Amino acid sequence: MNSAALHAVRGEILHFLADPASHGEAAIEHFADGLLLIRDGHVAEVGPAAELLARLPADVPVTDYRGKLIMPGFVDTHIHYAQTDIIASHGEQLLAWLEKYTFPAEARFADPEHAQAVAEFFCDELLRNGTTTALAFATVHASSVDALFEAALKRRMRMISGKVMMDRHCPDFLRDTAESGYAESKALIERWHGRDRLQYAVTPRFAATSTPEQMTLAGRLYAEHPGLYLQSHVAENQGEVAWVAELYPEARSYLDVYDRFGQLGERSVYAHCIWLDDTDRQRMADTGTAISFCPTSNLFLGSGLFDLDRAREMGLRVGIGTDVGAGTSFSMLQTLNEAYKVLQLKSQKLSAASAFHLATLGGAHSLYLDDRIGNFLPGKEADFVVLAPAATPLLARRMQAAQTLDERLFVLMMLGDDRTVAATHVLGKPAWQRPG
Ligand code: GUN
Ligand code: ZN
């Protein structure tokens with residue numbers, strides 16, 4: 001074996017080959033003492049440490065993470081970087097929350113220096129929480145997208161983002177026009193889409209804040225450029241659903257509004273999807289449109305309870321999103337914790353394996369990135385998180401009583417948070433390490 005450019009990490013390793021909800025134990029690959037071999041930022045091989053070390057040249061550097069759990073980097077399929085500073089804002093449901101907190105916070109992104117400072121903090125916070133890929137909203141300002149992409153590029157993170165398109169029902173200072181939204185998005189696509197690990201998402205905020213003209217142009221943009229993403233919100237809050245029905249009386253449902261404007265399809269991702277019916281779900285399944293399930297946000301804004309079992313029965317692609325700043329944590333572990341509780345209220349059971357699949361390979365699949373990230377199959381990009389199962393006194397104590405892998409994973413997702421993340425590696429290299 002040619003050892004040049006090879007390095008390895010050793011520790012307990014867990015990743016998924018498929019969805020444990022449908023494939024059971026066969027979906028899970030676990031090495032109690034494993035080795036992840038990396039070449040040029042990509043996975044060369046994964047397997048039992050004893051076996052791989054026996055045939056590895058002696059000069060290959062091995063980072064020792066024994067006692068810790070190595071997993072693919074987390075994939076956050078819905079988050080707003082410009083809402084970092086309004087996380088934990090009290091007292092409102094969606095529409096009032098947008099007016100009172102969100103729009104004023106997003107207005108500050110007219111200032112590129114502010115955007116740059118928040119983007120730097122945001123990317124670091126993602127990495128501190130083990131998140132290496134995100135689909136993120138910027139604001140209506142084109143320069144806010146530049147700031148986020150520049151910060152992500154520096155860290156070589158996988159970032160998908162786009163300029164918010166919003167030409168009605170919002171303050172003047174956040175309003176674009178159908179034409180300017182189209183032209184500015186197009187210029188950003190040319191500047192950023194496909195550069196290093198960055199990809200562009202056409203971003204109509206939601207049907208209520210775009211005129212039919214803007215919705216038409218957003219759909220056109222998405223169709224014109226191969227490989228583009230589209231991100232938006234749908235069926236989050238009952239007041240919002242009623243409002244959209246008034247604005248688009250010809251549409252069969254809220255989702256149908258997006259459908260009419262050509263906004264469903266591969267790499268199109270809708271946050272929330274709580275108040276859908278089966279006709280909507282079938283349409284999403286048929287078009288390959290994905291859902292981002294955002295449990296902390298749905299509880300925080302009192303929006304409702306997402307029906308994961310139904311989405312799965314109907315074969316939909318589902319990822320998980322923090323939806324910061326309506327979401328209350330950057331931590332995927334805490335987001336899984338609340339996903340479990342949302343599903344309890346629906347009398348549905350989220351297994352720990354299924355939860356961690358959602359945060360890794362499931363998220364990658366929902367973004368059509370599972371050929372590049374999401375697990376440790378050879379050739380994948382070597383983004384991974386190193387979790388410390390005994391990071392806090394309570395975790396250490398509770399872990400002692402945990403017998404099975406499943407139990408340990410469940411304890412991690414219920415009690416873990418940013419303190420549980422010992423290190424995050426991007427393309428094989430440490431991008432964040434917990435001090436001490
Ligand atoms: N719907 C439209 N805009 C937003 C937003 O910023 N956050 C959430 N949670 N829902 C939205
Ligand atoms: Zn959102």
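These numbers come from a predicted model, not from an experiment.
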Can you list the steps and then say if Tyr182 with Gln214 is a side chain to side chain donor-acceptor pair (under 3.5 Å)? CA-CA 8 Å; Tyr182 177 84; Gln214 181 161 69; over 6 Å; no

Working for salt bridge (Lys or Arg N to Asp or Glu O under 4.0 Å), residues Asp256 and Arg260: CA-CA 6 Å; Asp256 185 48; Arg260 284 165 178 256; 2.8 Å; yes

Evaluate Tyr340 against Phe410 for ring pair (Phe, Tyr, Trp, His ring centres under 6.0 Å), listing each step before the verdict. CA-CA 10 Å; Tyr340 176 82; Phe410 189 62; 4.8 Å; yes

Does the salt bridge (Lys or Arg N to Asp or Glu O under 4.0 Å) test come out yes or no for Glu150 and Arg155, once each step is laid out? CA-CA 9 Å; Glu150 271 156 21; Arg155 295 162 178 80; over 6 Å; no

I would like to know whether Asp278 and Gln282 meet side chain to side chain donor-acceptor pair (under 3.5 Å); could you show each step before the answer? CA-CA 6 Å; Asp278 277 354; Gln282 193 59 53; over 6 Å; no

Intermediate values then yes/no, side-chain contact (heavy atoms from CB on, under 4.5 Å), Asp176 and Met165: CA-CA 7 Å; Asp176 60 6; Met165 302 171 85; 4.1 Å; yes

So His141 and Ser143, side chain to side chain donor-acceptor pair (under 3.5 Å) or not? Walk me through it. CA-CA 5 Å; His141 315 94; Ser143 56; over 6 Å; no

Could you go through the salt bridge (Lys or Arg N to Asp or Glu O under 4.0 Å) check for Glu224 and Lys186 one step at a time? CA-CA 10 Å; Glu224 274 171 358; Lys186 213 171 171 58; 3.3 Å; yes

Is there a side-chain contact (heavy atoms from CB on, under 4.5 Å) between Leu14 and Leu405? Walk through the geometry before answering. CA-CA 10 Å; Leu14 174 76; Leu405 173 64; 4.0 Å; yes

Steps toward side chain to side chain donor-acceptor pair (under 3.5 Å) verdict (Glu338, Asn298): CA-CA 10 Å; Glu338 301 219 342; Asn298 297 161; over 6 Å; no

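Test Phe137, Tyr101, Phe122, Phe330 against His80 for ring-ring contact (aromatic ring centres under 6.0 Å, His included) and you get one pass: Phe137. Among Ile373, Asn375, Val75, the one residue that satisfies the side-chain contact (heavy atoms from CB on, under 4.5 Å) test with Leu361 is Asn375. Checked against Asp383 for a side-chain hydrogen bond (donor to acceptor under 3.5 Å, both in side chains), the options Arg158, Arg156, Arg197 give a single hit: Arg197.
A 4.5 Å side-chain heavy-atom check between Val202 and Ser232 finds every atom pair outside the cut-off. Counting heavy atoms from C-beta on, the side chains of Thr420 and Leu333 come closer than 4.5 Å. In this structure, Asp418 and Val421 have side chains that are not in contact, with every pair of non-hydrogen atoms separated by 4.5 Å or more. Side-chain contact between Lys163 and Asp146: absent, with no pair of heavy atoms (C-beta onward) separated by less than 4.5 Å. Considering only heavy atoms from C-beta on, Glu213 stays 4.5 Å or farther from Glu179 through its side chain. At a threshold of 4.5 Å between non-hydrogen side-chain atoms, the residues Met215 and Tyr258 count as touching. Leu126 has its side chain out of reach of Trp432: every pair of non-hydrogen atoms, C-beta onward, lies at least 4.5 Å apart. In this structure, the side chains of Leu301 and Asn237 stay at 4.5 Å or more apart for every pair of heavy atoms.
For Arg195 and Tyr200, the positive end is not near the middle of the six-membered ring at less than 6.0 Å and at most 45° from its axis.
Side-chain atoms of Thr289 come within 3.5 Å of backbone atoms of Gly265 as a donor-acceptor pair (strictly under, hydrogens ignored). Not a single donor-acceptor pair under 3.5 Å links the side chain of Tyr248 to the backbone N or O of Ala208. Of the possible polar contacts, one joining the Arg168 side chain to the Ser210 backbone as a donor-acceptor pair under 3.5 Å is found. In this structure, the side chain of Asp280 does not engage the main chain of Leu276 through any donor-acceptor pair within 3.5 Å. Formation of a donor-acceptor pair under 3.5 Å by the Asp167 side chain with backbone atoms of Thr177 is not found in this model. Between the side chain of Thr131 and the main chain of Leu127, no donor-acceptor pair closer than 3.5 Å is present. Formation of a donor-acceptor pair under 3.5 Å by the Tyr229 side chain with backbone atoms of Leu367 is found in this model. Remark: the backbone N or O of Ala201 is paired with a side-chain donor or acceptor of Thr203 at under 3.5 angstrom. No donor-acceptor pair closer than 3.5 Å links the side chain of Gln199 to the backbone N or O of His193. Side chain of Ser329 to backbone of Ser331: a donor-acceptor contact under 3.5 angstrom is found.
Taking the six-membered ring where tryptophan is involved, the planes of Phe356 and Phe74 are tilted, since the angle between them lies from 30° to 60°.
One finds no salt bridge joining Lys380 and Asp371 here, because no Lys/Arg side-chain nitrogen approaches an Asp/Glu carboxylate oxygen to under 4.0 Å. Asp259 and Arg283 are joined by a salt bridge, as a carboxylate oxygen and a charged side-chain nitrogen come within less than 4.0 angstrom of each other. Under 4.0 Å is where a charged nitrogen must lie from a carboxylate oxygen, and between Glu313 and Arg281 no such pair does. A salt bridge links Glu92 with Lys100; the closest basic N to acidic carboxylate O contact falls under 4.0 Å.
Between Leu305 atom CG and Leu299 atom CG the span is 7.0 Å, to the nearest 0.5 Å. Note: Asp370 CG to Arg317 CZ = 6.5 Å, rounded to the nearest 0.5 Å. Phe306 contributes atom CZ, which lies 13.0 Å from atom OG of Ser297 (distance to the nearest 0.5 angstrom). Distance NZ/Lys341 to CG/Leu336: 11.5 Å, rounded to 0.5 Å. To the nearest 0.5 Å, the span separating OH on Tyr222 from CD on Gln231 amounts to 12.0 Å. Taken to the nearest 0.5 Å, the CG atom of Leu387 stands 5.5 Å off from the CG atom of Leu69.
The two atoms that bring Leu308 and Val318 nearest to each other are CD1-CG1, 3.9 Å, heavy atoms only. Nearest heavy-atom pair across Arg312 and Ser354 is NH2-OG, 2.9 Å.
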Less than 3.5 Å apart, which donor and acceptor atoms pair up between the side chains of residues 107-117 and the rest of the protein, not counting sequence neighbours?
| from | atom 1 | to | atom 2 | distance (Å) |
| --- | --- | --- | --- | --- |
| Asp111 | OD1 | Glu113 | N | 2.9 |

Tell me which donor-acceptor pairs under 3.5 Å the side chains of residues 21-31 have, and how far apart each pair is, sequence neighbours excluded?
| from | atom 1 | to | atom 2 | distance (Å) |
| --- | --- | --- | --- | --- |
| Ser22 | OG | Asp19 | O | 3.3 |
| Glu29 | OE1 | His15 | NE2 | 2.7 |
| His30 | NE2 | Glu12 | OE2 | 2.7 |

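Checked against a 6.0 Å centroid threshold, the rings of Trp243 and His169 count as neighbours. Aromatic pair His425/Tyr65: centroids less than 6.0 angstrom apart.
In Lys349, the NZ atom is not crowded: 12 or fewer heavy atoms of neighbouring residues, nucleotides or ligands sit closer than 6.0 Å.
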